[in-house]
Amino acid sequence: MTGVICITGASAGIGHATAKRFCANGWRVVGVARRLDRLEALQKELGNAFYPAAFDVSDRDSVAAAFAALPPEFADIDVLVNSAGLGKGLDLAQEANLDDWDMMIQTNINGLLYCTRAVLPNMVARNHGFIVNLGSIAGEYNYKTGNVYGASKAFVKHFTQNLKADLLGTMVRVCCIEPGLTRTEFQQVRFDWNEAKSDAPYKGITPLAAEDISEAIWWVVNQPEHVTVTTVEIWPTHQANGTFSFDRQTSD
Ligand code: NAP
């Protein structure tokens with residue numbers, strides 16, 4: 001199967017790897033991100049099957065305008081991968097920066113909603129399509145300082161499930177991909193490109209690679225049309241979720 005796939009977050013990490021995976025297999029790819037230079041570099045590499053669409057997914061008007069302006073050969077989107085997203089800061093809720101919280105909500109939730117809403121009517125009209133959302137294990141399991149990032153990914157998981165309910169009666173499919181620690185630019189963005197802080201999470205372990213996740217997306221999308229894989233959790237072998245914690249009031 002080939003067609004048109006729109007990938008948000010195509011300038012780095014999982015989205016970038018997914019663009020390459022699908023393009024190499026005959027798909028036409030709309031790559032979305034804010035950094036146009038990165039998208040143009042990818043177009044140089046992948047050729048005319050890649051269309052760079054530079055806009056901010058959290059800007060509602062830009063999203064609507066960009067999807068409306070797609071060239072005809074890229075306009076009928078068969079698959080949307082919502083990979084644009086970020087974690088910002090890693091602070092206790094009582095100390096966190098509200099700007100970080102706003103940015104995560106605007107990107108991970110609002111951006112995903114705007115892009116999804118932009119492509120769904122055409123998918124439903126054609127009775128064909130696939131929405132792949134990037135959730136996270138952080139949307140399944142809580143951890144200290146995960147607060148808004150984890151909550152935004154729980155939103156992605158639940159929204160995906162509710163989409164499934166709304167789309168019953170159509171052949172439009174949905175899936176939430178939930179990676180564990182994956183080596184991308186994610187940690188650099190989280191820690192404002194502080195090298196020591198960004199490298200620390202990978203110390204002494206083998207994290208997932210962006211290609212491990214793009215492979216899962218490829219597998220999900222290429223299932224026969226009567227098969228919907230709704231959730232995929234992917235963990236590094238070197239990672240597990242924690243145990244319960246206690247605030248012990250005595251030491252004996
Ligand atoms: P990444 O390497 O930092 O890539 C993030 C991508 O999102 C970049 O292409 C970035 O491009 C784009 N982006 C961010 N804000 C945007 C905006 N407002 N408008 C348009 N594009 C925007 O991170 P990644 O690891 O590939 O993350 C991809 C997804 O996987 C995210 O949703 C993340 O939450 C999720 N995830 C990651 C991990 C992990 O450990 N890496 C684990 C679980 C889930 P520009 O900066 O050029 O706009």
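Order of appearance sets the numbers: ligands from 1, and atoms from 1 within every ligand.
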Only heavy atoms of [X], strictly under 4.0 Å: list the atoms of ligand 1 that pass.
X    : answer
G13  : 2 (O), 26 (O)
G9   : 6 (C), 7 (O), 8 (C), 9 (O), 12 (C)
L181 : 40 (O)
S11  : 8 (C), 9 (O), 10 (C), 11 (O), 45 (P), 47 (O)
D56  : 17 (C), 18 (N), 19 (N)
F55  : 19 (N), 20 (C)
G180 : 40 (O), 42 (C)
R35  : 11 (O), 45 (P), 46 (O), 47 (O)

With [atom] as the reference point, say which of [options] has the nearest heavy atom.
atom                    : options             : value
atom 19 (N) of ligand 1 : V63, T18, V57, N110 : V57
atom 43 (C) of ligand 1 : P179, A210, A54     : P179
atom 46 (O) of ligand 1 : R34, H16, R183      : R34
atom 23 (O) of ligand 1 : T182, I14, T184     : T184
atom 21 (N) of ligand 1 : S62, G135, A84      : A84

Is it the case that ligand 1 has an N or O less than 3.5 angstrom from some N or O of [X]?
X    : value
Q187 : no
S136 : no
G15  : no

Write out the residue and atom name of the closest protein heavy atom to [atom], then the distance separating them to 0.1 Å.
atom                    : answer
atom 32 (O) of ligand 1 : K153 NZ, 2.9 Å
atom 2 (O) of ligand 1  : E185 N, 3.0 Å
atom 5 (C) of ligand 1  : G85 O, 3.8 Å
atom 28 (C) of ligand 1 : S83 O, 3.1 Å
atom 36 (N) of ligand 1 : Y149 OH, 3.6 Å

Any heavy-atom pair between the side chains of [Y] and [X] that's under 4.5 Å?
X    : Y    : answer
L120 : L163 : yes
F67  : Y114 : no
D78  : R126 : yes

Check your understanding: How many angstroms lie between atom CH2 of W27 and atom SG of C6, to the nearest 0.5 angstrom?
Key -> 12.0 Å
Exercise for review: Using side chain to side chain contact (heavy atoms under 4.5 Å, CB included) as the criterion, list what pairs up with Q188, not counting sequence neighbours.
Suggested key: E185, W193, S198
Check your understanding: Is a side-chain donor-acceptor pair under 3.5 Å present for N241 with W235?
Key -> no
Review point. Is a side-chain donor-acceptor pair under 3.5 Å present for T116 with N82?
Key: yes
Check your understanding: What are the two closest non-hydrogen atoms of S58 and Q106, and how far apart are they?
Key -> CB-O, 3.2 Å
Practice item. Only one of D99, D192, D100, D102 passes salt bridge (Lys or Arg N to Asp or Glu O under 4.0 Å) with K88; say which it is. Key: D192
Check your understanding: With ring centroids as reference points, do F186 and Y149 lie under 6.0 angstrom apart?
Key -> yes
Exercise for review: Apply the test side-chain contact (heavy atoms from CB on, under 4.5 Å) to residues D61 and D59: give CA-CA distance (whole Å), side-chain angles for both, the deciding distance (0.1 Å), then the verdict.
Suggested key: CA-CA 6 Å; D61 293 338; D59 180 335; 3.9 Å; yes
Point to revise | Counterpart residues, ring pair (Phe, Tyr, Trp, His ring centres under 6.0 Å), relative to F191 (two or more places apart) | key: none
Does [X] come within less than 4.0 Å of ligand 1, judged by its heavy atoms?
X    : result
T107 : yes
G111 : no
A138 : no

Exercise for review: Taking only Lys NZ, Arg NE, NH1 and NH2, and the carboxylate oxygens of Asp or Glu, determine whether K157 and E140 approach each other closer than 4.0 Å.
Suggested key: yes
Study note, to complete from the structure: The side-chain hydrogen bond (donor to acceptor under 3.5 Å, both in side chains) partner of S152 among N147, N108, N110 is N108
